[in-house]
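One structure below.
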Amino acid sequence: MSDSKWQKSSHSAANNECVEVRAIDKLVGLRESDEGRLILRTTPAAFAALLCDIKTGDFDHHA
């Protein structure tokens, strides 16, 4: 996995309130677009599991 540029969801449109993602040193980096200094890094497998849980609604009760 090579390093990449920050990407955000197409659903965020022009809003600056979204999570951005990119590949960093064989890890996945996550940050809020309006607070770019704080970066959370995780493994690709853990990120894939998080996305799966989000898509299946496992976190909907927290909204």
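Contact detail for Arg22 and Lys5: the closest heavy-atom pair is CB-O, 3.5 Å. Nearest approach of Ser4 to Ala23, heavy atoms of both residues: OG-N, 3.0 Å.
Between the NZ atom in Lys8 and the CD atom in Glu20 there is a gap of 6.5 Å [rounded to 0.5 Å].
When the side chain to side chain donor-acceptor pair (under 3.5 Å) test is applied to Glu35, the partners found at least two apart in sequence or on another chain are Arg37.
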Mind listing the side-chain donor-acceptor pairs of residues 39-54 below 3.5 Å, one per line with the distance, residues two or more places apart or on another chain?
residue	atom	partner	partner atom	Å
Thr43	OG1	Ala46	N	3.1

| query | Hey, mind stepping through Leu30 and Trp6 against side-chain contact (heavy atoms from CB on, under 4.5 Å) and telling me if it holds? | reply | CA-CA 9 Å; Leu30 301 156; Trp6 288 105; 5.7 Å; no
